[in-house]
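Chain letters run A, B, ... following the sequence lines, proteins first and then strands; every chain starts at 1. Everything numeric in this text was worked out from a predicted model, so none of it was measured.
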2 protein chains.
Amino acid sequence: MINNLSTEEKIKDAARKVFMTKGFSGCTTREIAKSVGINVALLNYYFRSKGKLFELILEAALSDLIDGMVEVFHQDMSLEDKTRLIIDKEFEFLKKYPEFPLFIHAGLNQESDTEMDLSSFLGRLYQTGIFEQCEKAQAEGKMRKVNMINVTLLFMSNCHFPIMSKKLISGIYQISEEEHENLLIAHQEIVKEMLINYLFPNTNQHA
Amino acid sequence: MINNLSTEEKIKDAARKVFMTKGFSGCTTREIAKSVGINVALLNYYFRSKGKLFELILEAALSDLIDGMVEVFHQDMSLEDKTRLIIDKEFEFLKKYPEFPLFIHAGLNQESDTEMDLSSFLGRLYQTGIFEQCEKAQAEGKMRKVNMINVTLLFMSNCHFPIMSKKLISGIYQISEEEHENLLIAHQEIVKEMLINYLFPNTNQHA
DNA sequence: TGAAAAATTAAGCGCTTGTTTAAAATAAGT
DNA sequence: ACTTATTTTAAACAAGCGCTTAATTTTTCA
C-alpha cells in the first residue's frame, strides 16, 4: 500500500469505510483514527468533530450517487438505452460498494442538529435535460405518462434494494455467497426488461 | 393510557419503538428504561442484556414480515389477485411503520456474536403452497418463468424501498409531507400494474 | 540557519455507556 | 402470620466515549 495521500485524505478514506459498514453511532473516532494509524486528536484537528466528519462523508456519498446518474443522463442516446445503461452502471457500482444504500438511508435518518440540504442535487439532474427528454417522449406517446419522481423511485427501488437486502434474502432462502451473486446477475436483466416494458410499452422488448 | 400490561411486555413495546427509530447503537438502555418508567437494572433483570433484547425485537419484526405474506399466500385466489392484495397490504403496513424496512436491514447488518437464523421463515412460506401455485402457473405459461427468489426481490424492492427512501426522495425533489403521501399512493398503483404486467404478461392489464 | 507555522502526540477531562451488586419493596404460598 | 420467592430500586462499577489542552515533532521559508 503506497502512502502518498495526505493525512486529511487518508482519514476521509478510513472514515468512509468505517461509517459505511458500521454507521455513525456504531463506531468510534478512536476506531477510525487507529485504522489510519494516527491519534484521535489529529482527527479532530482536521475535522473538528465526529459529526462534521460524518456529514462530509455522507454528503460526498450522495454526490457520488447523483454523479452516476448525471453521467448517463447527459449523453446523447434514447431513453431505452439510458435505462439499460443506468441500471447496468448502478448494479456495477453497488456491487462494488454494497453498504452504500443502507449507509445513505441510515445516515439521513440519523438525528442531527442540522437537516442535510439535498436541493442542490435536483439542479444537477435538471441540467442534463433528462426531464425534457422524458416530457417529449411522453407527449409523443413513446413513454408512459408517469411522474418523474415515481420513475426515480422505480429505478432506485429495483437497483438499491436487491443489494442492501443481501443478508435478509440469503438468510431466508439459505443461499451461498456465490448463489446470491448469480441471483443479482439474473435480477439485473429482469429489472431492465421490466422497467423498459413498463415505461416504454410500445417498444419491442427484444432489443 | 391503560397500564395493565406486564412489565416485560411494556419493556418490549418501548424497546421496539426506540430501536426502530434509532437503531441498536443509536440508543441507550437507560433511554428505553426511562420511557417505560423503570430502572435500567430491571431491564437487564428481564432480558439479561441490551443485545439480547435487541435480537428479540428484531426476530419478532422479521416474524411479522413473514406473517403478512403468509396470511395472503395461503388464501384461495389467483396469483394476480394475490399480487394486488399483497402489495396493498404491504404498503398499508409500511405506511404505518415506516421505520420497519431500515430497522430490519440495519439490524441484520449489525455485527453480532451470533448470526441470526432466518431459515425457519422459509418453511412457513412453503407451507402456504405459494411456490407450487407459481410453478403450476409457470408450467401453464400463465406466469413468466422467473426464479422465486427474484420474484420475492421484486416485491420487496418495490414496496419497501419507496417507504424507506422518504427522506432522500423528498429531500432531493423538495416535496412536502403531503406531497410525499400522494406520491406513495400513486406509486402503489404503479407497482401493482408493473409487476402484474411483468409476471403475468398474457393477462389483460385492465382487471 | 533559525524563527514561525503546521502537523502530530500523550495525557486527561468530564460524561455516558452497559452491566452488576446488594438492599428494599411487593407478592405468593403455607 | 411468617417464611420464601419475585419484582423493583438506588448506587456504583469499570470501561469507553467525544473532545481538548499543552507539549512535541516536523515542515516551511525567509
Side-chain angles (χ1 to χ4, degrees), chain A residues 1-59 103 106-107 109-114 116, chain B residues 1-60 103 106-107 109-116:
Chain A
M1 178 100 67
I2 310 159
N3 241 13
N4 51 2
L5 288 167
S6 75
T7 303
E8 194 171 341
E9 214 59 42
K10 282 197 285 184
I11 295 174
K12 274 204 272 189
D13 283 349
R16 188 181 305 115
K17 197 172 294 179
V18 176
F19 279 143
M20 284 250 184
T21 51
K22 304 195 170 188
F24 177 72
S25 32
C27 71
T28 70
T29 52
R30 280 174 175 82
E31 182 181 358
I32 297 171
K34 195 173 182 180
S35 85
V36 191
I38 57 148
N39 197 294
V40 236
L42 195 57
L43 191 145
N44 285 313
Y45 170 75
Y46 280 110
F47 300 98
R48 297 191 59 86
S49 78
K50 185 189 182 187
K52 294 242 190 280
L53 177 57
F54 182 77
E55 276 191 25
L56 211 74
I57 301 294
L58 179 59
E59 226 151 340
F103 167 70
N109 273 34
Q110 195 81 29
E111 61 182 337
S112 163
D113 37 3
T114 52
M116 188 163 293
Chain B
M1 179 100 66
I2 311 159
N3 242 13
N4 50 2
L5 288 166
S6 75
T7 304
E8 194 171 341
E9 215 58 43
K10 282 197 284 184
I11 296 174
K12 274 204 271 189
D13 283 350
R16 188 180 306 114
K17 197 172 295 178
V18 176
F19 279 143
M20 284 250 185
T21 51
K22 303 195 167 186
F24 177 72
S25 31
C27 72
T28 70
T29 52
R30 279 173 175 81
E31 180 182 358
I32 296 171
K34 195 173 182 180
S35 85
V36 191
I38 56 149
N39 196 294
V40 238
L42 196 57
L43 191 144
N44 284 317
Y45 170 76
Y46 280 109
F47 301 98
R48 297 190 60 84
S49 77
K50 185 190 183 186
K52 293 242 189 281
L53 177 56
F54 182 76
E55 276 191 26
L56 212 75
I57 301 294
L58 178 58
E59 227 151 339
F103 167 70
N109 274 34
Q110 196 81 29
E111 59 181 339
S112 164
D113 37 4
T114 53
E115 286 272 309
M116 186 163 295

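- Atom-to-atom distance recorded for A:T7:OG1 and A:E9:CD is 10.5 Å, nearest 0.5 angstrom.
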Tabulated below should be each protein N or O lying under 3.5 Å from an N or O of nucleotides 6-10 of chain C; please produce it.
from   : atom 1 : to    : atom 2 : distance (Å)
C:dA7  : OP2    : A:Y45 : OH     : 2.9
C:dT8  : OP1    : A:T7  : OG1    : 3.1
C:dT8  : OP2    : A:T7  : OG1    : 3.2
C:dT8  : OP2    : A:Y46 : OH     : 2.8
C:dT9  : OP2    : A:N39 : N      : 3.2
C:dA10 : N7     : A:N39 : ND2    : 3.1

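- In 5' to 3' order, the nucleotides of DNA chain D bounding all contacts with chain B (an atom under 4.0 Å from a heavy atom) are D:dT6 to D:dA12.
- Among residues two or more places apart in sequence or in another chain, the ring-ring contact (aromatic ring centres under 6.0 Å, His included) test is passed with B:F54 by B:F19, B:F24, B:F103.
- A distance of 10.0 Å separates NZ of B:K22 from CD of A:Q110, quoted to the nearest 0.5 Å.
- Every pair passing side chain to side chain donor-acceptor pair (under 3.5 Å) that includes a residue from residues 12-21 of chain B is listed here, sequence neighbours excluded: B:D13-B:R16.
- In this structure B:R30 satisfies the side chain to side chain contact (heavy atoms under 4.5 Å, CB included) test together with B:T28, B:V40, sequence neighbours excluded.
- With rounding to the nearest 0.5 angstrom, the OG1 atom of B:T29 is 11.0 Å from the CD1 atom of B:I11.
- Rounded to an integer number of Å, the gap from B:F47 CZ to C:dT20 P is 16 Å.
- Separation of atoms CZ (A:R48) and CG (A:L53) is listed at 13.5 Å; rounding is to 0.5 Å.
- Under the side chain to side chain contact (heavy atoms under 4.5 Å, CB included) criterion, A:Y45 pairs with A:L42, not counting sequence neighbours.
- We find that CD of A:E31 is positioned 16 Å from C1' of C:dT17, with the value rounded to whole Å.
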